[in-house]
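Bear in mind that the values here come from a model prediction, so they are computed numbers and not experimental data. Just so it is clear: chains get the letters A, B, ... in the order the sequence lines come, proteins before strands, and each one is counted from 1.
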Number of protein chains: 2
Amino acid sequence: MTVRGVSATIEDYLKAIYDLGESGVKTQSLADALSVSAASVSGMLKKLSDLNLISYEKYRGTSLTPAGRRIALETLRHHRLIETYLAEALGYPWHDVHDEAERLEHVISEDFERRIADVLGHPDFDPHGDPIPQLDGSLPNPGGRPLTELPLGQVAQLRRITDQRREVLLYLEEQGLRPGETVRVVSHEPFGGPVTVAYGGKQLALAEALAGSLYAEVTGSLDTTSESA
Amino acid sequence: MTVRGVSATIEDYLKAIYDLGESGVKTQSLADALSVSAASVSGMLKKLSDLNLISYEKYRGTSLTPAGRRIALETLRHHRLIETYLAEALGYPWHDVHDEAERLEHVISEDFERRIADVLGHPDFDPHGDPIPQLDGSLPNPGGRPLTELPLGQVAQLRRITDQRREVLLYLEEQGLRPGETVRVVSHEPFGGPVTVAYGGKQLALAEALAGSLYAEVTGSLDTTSESA
DNA sequence: CCCGAGAATTAGCCATGCCTAAACCTTAAC
DNA sequence: GTTAAGGTTTAGGCATGGCTAATTCTCGGG
């Protein structure tokens, strides 16, 4: 168990429920997210319900109680602060921070949390652009829209990548596509076709699903030239 | 379980066996060190023996095999590097690093270890003056002798405090007695009497047992004036 | 040499979380 | 409205690591 009186496993369940949505989280999606059998999830949901961390009606899905949400957000804050610290202070590449943070998040003290937040100047976002839950439980607004929803030719700044898979992040890194980059959507083929994005003098065609996990903020509202509209 | 294929519990047992001595470590001392019942220790010793991490004859005490020692040293290296990092990079006070390191040591990757070692310039000693096991398995020579064995009046530099108790470290810190300080033993009363040490313009009388856990290195071999010999 | 004290081990049990297999709901299609 | 499929829960186990109580061993003193 961790510093806060619940086990690391429980923290992982609450975190997973949190980012699977506001309510009606299904057993099977949790099982998938946690790489665990549905039966195990059922057992744990019973337990979390007894602990008043989730509300749960059998066969009906689950959602966090305020107490459960609080723990989920604290854990997420740990995770994202650690990711940021690993990148900023220890020079970790972007795509390597997740796994390390996944283990560290459960064992650091509040003191540790405070100290790295101080060193980092109380950041709002982690290296993937994900918002870091604040001490008061609020979430900074991440802003931006998925590349799939950006008008063609619109110049925008890449803000966030929500895909968590290491290989995907590694690929984007290799292609030089990371938060902060200025991008422009050149084309978006219909029927699930690829999204082509221009940035830093090159173009890249992305699967639509992947493009949907990249969020960019419109900067100057300047449209541009070339093979856009 | 940790990065290295054994559980955090096993790492703790091996670490405890390691610093309880070269051989013939007794069940009860392990139980005391780990705050666990002697029965639990017996069970675990059986298991560690099956894993070839210790050699163990029932009722005869135990000692580490090379494989066990390797894991103990790796864990200790983690622990002491983390302690050093917490103090140097995050401004932890001396007496707070132990508990935090105790949890972190089991979950950091080799990558993390390498990065903090780099940042710290591959130190030989942690904030308590304990030697940090090196990558090749060697231990830097800590040097120094216990204050109880220093000739009266001998000027020496405080190198190491082996007592692990937080309250004790806090006390020494409050008294300004920390590694690096120049000290001189003023008196040592017989029959377990206190050891009085002079440093930084003040004097302090320490219990003999405590004085025995403070190690100092003779610097200039100058004896001095005043109420010495 | 024997005996008792104290240390160590075994026996039997508990909690946590995981698993597979079997039973059970819910729902959508007919 | 019935039914079959699929998702969910229950039943029954396993591994880890802890506990207490009972047993067994070792060793020093007589």
Checklist entry - Charged N to carboxylate O below 4.0 Å: is that the case for D111(B) and R114(B)? => result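 Yes, D111(B) and R114(B) are salt-bridged.
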
Checklist entry - Can you pull the salt bridge (charged side-chain N to carboxylate O under 4.0 Å, His left out) pairs that have at least one residue in residues 30-49 of chain B, sequence neighbours excluded? => result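 Residue pairs passing salt bridge (charged side-chain N to carboxylate O under 4.0 Å, His left out), neighbours aside: K46(B)-D50(B).
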
Distance, rounded to the nearest Å, where [X] contributes [atom1] and [N] contributes [atom2]:
X      : N       : atom1 : atom2 : result
Q28(B) : dC27(D) : CD    : P     : 17 Å
D32(A) : dG7(D)  : CG    : C1'   : 12 Å
D50(B) : dT9(C)  : CG    : C1'   : 15 Å

[X] side chain to [Y] side chain, donor-acceptor N/O pair below 3.5 angstrom:
X       : Y       : result
D126(B) : H79(B)  : no
D136(B) : S138(B) : yes
H188(A) : E208(A) : yes
S63(B)  : S55(B)  : yes

Item to check | Heavy-atom side-chain contact between L214(A) and V183(A) under 4.5 Å | outcome: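 Contact flag for L214(A)/V183(A) side chains = no.
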
Checklist entry - Under a 4.5 Å cut-off applied to non-hydrogen side-chain atoms, are R160(B) and D130(B) in contact? => result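 Yes, at least one pair of side-chain atoms sits under 4.5 Å.
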
Checklist outcome for this item: The contact string for nucleotides 9-25 of chain D, one letter per nucleotide 5' to 3', using protein heavy atoms under 4.0 Å with B, S and - for base, sugar-phosphate only and none, comes out as BB-----SSSBBB--BS

Checklist entry - Quantified as the angle between the terminal helix axes (five pairs each), what is the overall bend of the helix from dC1(C)-dG30(D) to dC30(C)-dG1(D) to 10 degrees? => result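 The end axes of the helix from dC1(C)-dG30(D) to dC30(C)-dG1(D) are about 20° apart, to the nearest 10°.
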
